[in-house]
Number of protein chains: 4
Amino acid sequence: MSLREKKTAKKKEEIISTAVSIIAEKGYQRTTMEDIASRLLMTKGSVYYYFKDKQDLLFQSHQLLLERSIENIHDIQQLDIPITEKLKQSMIAHIDHLISEKSGFELMLKPEQYFSDYQLQEIQKLREDYSRCFDQLIAEGIGTGIFVSLDKKIVRNLVLGAMNWITQWYSLDGKLGKEEMSETISDYLMRILIKKK
Amino acid sequence: MSLREKKTAKKKEEIISTAVSIIAEKGYQRTTMEDIASRLLMTKGSVYYYFKDKQDLLFQSHQLLLERSIENIHDIQQLDIPITEKLKQSMIAHIDHLISEKSGFELMLKPEQYFSDYQLQEIQKLREDYSRCFDQLIAEGIGTGIFVSLDKKIVRNLVLGAMNWITQWYSLDGKLGKEEMSETISDYLMRILIKKK
Amino acid sequence: MSLREKKTAKKKEEIISTAVSIIAEKGYQRTTMEDIASRLLMTKGSVYYYFKDKQDLLFQSHQLLLERSIENIHDIQQLDIPITEKLKQSMIAHIDHLISEKSGFELMLKPEQYFSDYQLQEIQKLREDYSRCFDQLIAEGIGTGIFVSLDKKIVRNLVLGAMNWITQWYSLDGKLGKEEMSETISDYLMRILIKKK
Amino acid sequence: MSLREKKTAKKKEEIISTAVSIIAEKGYQRTTMEDIASRLLMTKGSVYYYFKDKQDLLFQSHQLLLERSIENIHDIQQLDIPITEKLKQSMIAHIDHLISEKSGFELMLKPEQYFSDYQLQEIQKLREDYSRCFDQLIAEGIGTGIFVSLDKKIVRNLVLGAMNWITQWYSLDGKLGKEEMSETISDYLMRILIKKK
DNA sequence: TATGAATGAGCTTTCATTCAT
DNA sequence: CATGAATGAAAGCTCATTCAT
């Protein structure tokens, strides 16, 4: 990658990161190109130099977030820890990611409204990658007899849903700190899978 | 209520119901007053005869849905069945409501972006009412020693989140029917609370 | 005039009087038929029973006000008092009328914007009638050598303009009462015409 | 001021000047942004690039006109001519300004209907500045014994009112030219103040 | 007569997008 | 590369007016 390309890439990431946070605050529709540009001390025109259009910016933003999430989970899967621990760590990572990015939760809801067919495919691929990570952990747990034998897709969806909802009710000023909260939540959710003696 | 008033009320409900379903499909911002009016074979002007502005229509729609949900739950609470059964039935009712209304999940996310201060208060009141129903069931279960003694607010939020997410992944064309699905999900979620033997 | 006709006439005057005062407050364009109807505890539809359209209501309102002004002046002209006194009284009557009606000063400005050709003619006729009264008084004063021989049309216009402007700056809470104010103003304006000794 | 800024400022003045003249013709409410834009061979959108909204355009227009009027009067006050002459020149300047700009007389009437609180304050400040100029001239004339000792605020208001009304009756096609007319009017109005021998 | 309901033309405003410089 | 300026399509909303009942 040439110096120029690096510079461009860096600028793009800068824009994406700003876009993500504004969109997370205000929602996609309510976020204007002007909002994004002005927070970056740029002009709208410049943003269009880096991104074809608003949707493209959105797409690349979403893509980046998903890729990072997947990396997080992959890293955890490499660790040499018990399966229950792996699943818990994955949950905690998911929660942390959500809270720190307050990421475009909105986009998760109706991606087909925001993305073109091609983009949608890419997004779906990434989502499936992500889901598969969880599925594998669950399957492994069931296989080794540690988890109850439930429908793994349903469990995965329930767990992800329960976690995604957190951004709606968790506020930092509450009594529980971020770490305790993640711990507690993952413990509670693990109860779905853990065998009763 | 006079005949006139009844007719007006009916028309309002008609509009609300159409609005709800279009907003559920396309999202609030993407739904135009024109969209709503034309599906009702009305003109925009007529819709404005019944609702002050778009936001007012949204507010009243959301309010109605919440009120209906609360009624559902209240009805279940009156039943003479064991606490576990009550909680399960409430979950099933919640899921059914979500699926049949495909209701504005979007609005649950950032109500402060959509509603005025006064409206927000009303909405919060209703939401709290609703949450409280679940909290009471959980508290009762813990009190009678049937449920594990977990933090009831957190459990409630996890359960609601897990259910709300359903609209994102559940499609009718799947293998499981609506009833089986609700059953399965509520069973799985009950596992969080049910004591291990 | 039958009873029915009388009732209708009375209702029309009621509407006109309300319309005049709201239009005086808010201006013609900003005044909606709804404003007028609701202050009368009527519905828009009813107002349309009495007046063809908004413009017609405006026209008849304006006409009525002008006719009343003309009557006032005519009455004064019949009095058996010196010419200077007659002119002063006329001024005072004009001022009183303005202040009590706060009447659609706005309409005086660009009648051609508000009225149809036919209506405009009627209005012009009345205005000329009114102006002529003043002109006659001035002409008489000049003829009898009491007033300086100035261009009577110009003087008349200056005097009327000076008076019409009053509504812009005179407020009842000032130090001068309504009567003193009319007195003072007419005195000052008479100075234009009164001969220097 | 950079070249860019100058260009922008010029464009703004261009828009203002067009807006002023259309508003003077048709009134504020009847003037649409489309009217203004199309006379400038622009699109509405472009006008909104320069002015926040219609009201803002109105405000800046009114402000500019007032500022120019004040400058005119200030210039005259600097001249080394007798007080009577100064007052007459000021009147003539006022009349000329009115006729050439046909300025938004409408706005003078009910500014509180058109402007926001902040804007109203600014406008009031300018109006007071302007009035004060006249007041000072009158006061000086009274002080030096050349003018009769009348209430200077009332005289000022009468004089301004008489002049403002001119736009209603003066038409260029009359027998008197613009200059003669201004001369005559100022002479007549001066008679209010000039001492009788 | 009176009215509730409906209509539609017209207006203000927003904003993604383009493009000459 | 960056930007100021311009554009135009679309949206929300208002309101005079009509009309069946």
Side-chain angles (χ1 to χ4, degrees), chain A residues 4 7-8 11 28-38 40-58, chain B residues 2-5 7-8 11-12 29-37 40-58, chain C residues 4 7-8 11 28-38 40-58, chain D residues 2-5 7-8 11-12 29-37 40-58:
Chain A
R4 171 152 293 170
K7 251 186 149 178
T8 297
K11 197 100 190 181
Y28 176 64
Q29 299 275 359
R30 300 179 116 84
T31 301
T32 69
M33 292 302 268
E34 181 62 42
D35 287 338
I36 295 168
S38 75
L40 285 159
L41 305 178
M42 284 175 150
T43 57
K44 275 185 284 185
S46 307
V47 177
Y48 275 92
Y49 179 79
Y50 295 98
F51 297 91
K52 199 178 126 282
D53 53 27
K54 193 183 172 187
Q55 204 210 35
D56 181 41
L57 170 54
L58 180 77
Chain B
S2 75
L3 183 67
R4 258 274 137 82
E5 282 168 330
K7 250 186 155 175
T8 298
K11 196 99 193 183
K12 280 186 86 166
Q29 300 275 0
R30 300 178 114 84
T31 301
T32 71
M33 292 303 267
E34 181 64 42
D35 287 338
I36 295 167
L40 285 159
L41 304 177
M42 285 177 150
T43 57
K44 271 182 292 181
S46 306
V47 178
Y48 278 95
Y49 181 78
Y50 292 95
F51 298 91
K52 201 178 124 284
D53 54 26
K54 192 183 171 187
Q55 204 213 35
D56 181 41
L57 171 54
L58 179 78
Chain C
R4 171 152 294 169
K7 248 186 151 179
T8 298
K11 198 100 191 180
Y28 176 64
Q29 299 276 358
R30 302 179 114 84
T31 300
T32 69
M33 293 302 267
E34 180 62 41
D35 287 337
I36 295 167
S38 75
L40 285 159
L41 305 178
M42 285 175 149
T43 57
K44 276 185 285 186
S46 308
V47 177
Y48 275 92
Y49 180 79
Y50 295 96
F51 297 91
K52 199 178 125 284
D53 54 26
K54 193 183 172 187
Q55 204 210 35
D56 181 40
L57 171 53
L58 180 77
Chain D
S2 75
L3 183 67
R4 262 269 142 82
E5 281 168 330
K7 251 186 153 176
T8 298
K11 196 98 192 183
K12 280 185 87 164
Q29 301 273 2
R30 300 180 113 85
T31 301
T32 69
M33 292 303 266
E34 181 64 41
D35 288 338
I36 295 167
L40 285 159
L41 304 178
M42 283 176 151
T43 57
K44 274 181 288 182
S46 306
V47 178
Y48 277 93
Y49 181 78
Y50 293 95
F51 298 91
K52 201 178 124 285
D53 53 26
K54 193 183 171 187
Q55 204 213 35
D56 181 40
L57 171 54
L58 180 78

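From a predicted model like this one, the values you see are computed outputs, not experimental measurements.
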Side chain to side chain contact (heavy atoms under 4.5 Å, CB included) between D:F51 and D:K12, worked out: CA-CA 8 Å; D:F51 298 91; D:K12 280 185 87 164; 3.7 Å; yes
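Under the 3.5 Å distance criterion, the side-chain polar atoms of D:S2 are matched with a main-chain donor or acceptor of D:E5. In terms of modelled atom types and a separation under 3.5 Å, the side chain of B:S46 and the main chain of B:M42 share no donor-acceptor contact. When atom types are taken as modelled, the side chain of A:K54 and the backbone of A:T31 share a donor-acceptor pair closer than 3.5 angstrom. Checked by atom type and distance alone, the side chain of A:S38 never pairs as donor or acceptor with a backbone atom of A:L41 at under 3.5 Å.
Of the nucleotides present, F:dA2 is the one that pairs with E:dT21 by Watson-Crick or G-U wobble criteria, both distances under 3.5 Å. In a base pair of the Watson-Crick type (N1 to N3 plus N6-O4 or O6-N4) or a G-U wobble (N1-O2 and O6-N3), with each distance short of 3.5 Å, F:dC13 is matched with E:dG10. Under the Watson-Crick and G-U wobble criteria, each requiring two contacts below 3.5 Å, nucleotide F:dG8 is paired to E:dC15.
The phosphate of E:dT3 (OP1 or OP2) has a side-chain N or O of C:S46 nearer than 4.0 angstrom. Remark: A:K44 is not in phosphate contact with E:dT18, judged by side-chain N or O atoms under 4.0 Å from OP1 or OP2. For A:R4, a side-chain nitrogen or oxygen approaches OP1 or OP2 of F:dC1 to under 4.0 Å. For the OP1/OP2 pair of F:dT3 and a distance below 4.0 Å, the side-chain nitrogens and oxygens of A:Y48 include no atom meeting the criterion. Regarding contacts with the backbone of F:dT14, every side-chain N or O of B:Y49 stays at 4.0 angstrom or more from both OP1 and OP2.
Between D:Q55 and B:T8, the residue anchored nearer the 5' end of DNA chain E, judged by the nucleotide with its closest heavy atom, is B:T8. In terms of position on DNA chain E, the residue among A:Q29 and C:M42 whose nearest nucleotide sits closer to the 5' end is C:M42. If B:K54 and C:M33 are placed on DNA chain F by their nearest nucleotide, the residue sitting closer to the 5' end is B:K54.
Looking at the side chain of B:T43, the nearest of the listed nucleotides E:dG8, E:dT1, F:dG8 is E:dG8. Nearest to the side-chain atoms of D:K11 among the listed nucleotides E:dA16, E:dT7, F:dA6 stands F:dA6.
To the nearest angstrom, C1' of E:dA6 lies 16 Å from NZ of B:K12. Atom pair B:R30:CZ and E:dC15:C1' shows a separation of 14 Å (rounding to whole Å applied). Counting to the nearest Å, the P atom of F:dA5 and the CG atom of D:L3 are 11 Å from each other. Rounded to whole angstrom, the span from the CG atom of C:D56 across to the C1' atom of F:dT17 amounts to 14 Å. Straight-line distance from the CD1 atom of A:I36 to the P atom of E:dT17: 11 Å, rounded to whole Å. F:dC1 atom P lies 16 Å from atom CG of A:L40, rounded to whole Å. In this entry the distance linking CD of B:E34 with P of E:dT7 reads 12 Å, nearest Å. What separates NZ of B:K52 from P of F:dG12 is a distance of 14 Å, to the nearest Å.
Within 4.0 Å of C:Y50, counting heavy atoms only, lie sugar-phosphate atoms of the nucleic acid but no base atom. At the heavy-atom level, A:T31 lies under 4.0 Å from the strands shown only through sugar-phosphate atoms. Here A:T32 lies in heavy-atom contact (under 4.0 Å) with sugar-phosphate atoms only.
By the side-chain hydrogen bond (donor to acceptor under 3.5 Å, both in side chains) test, C:D53 pairs with no residue at all, sequence neighbours left out.
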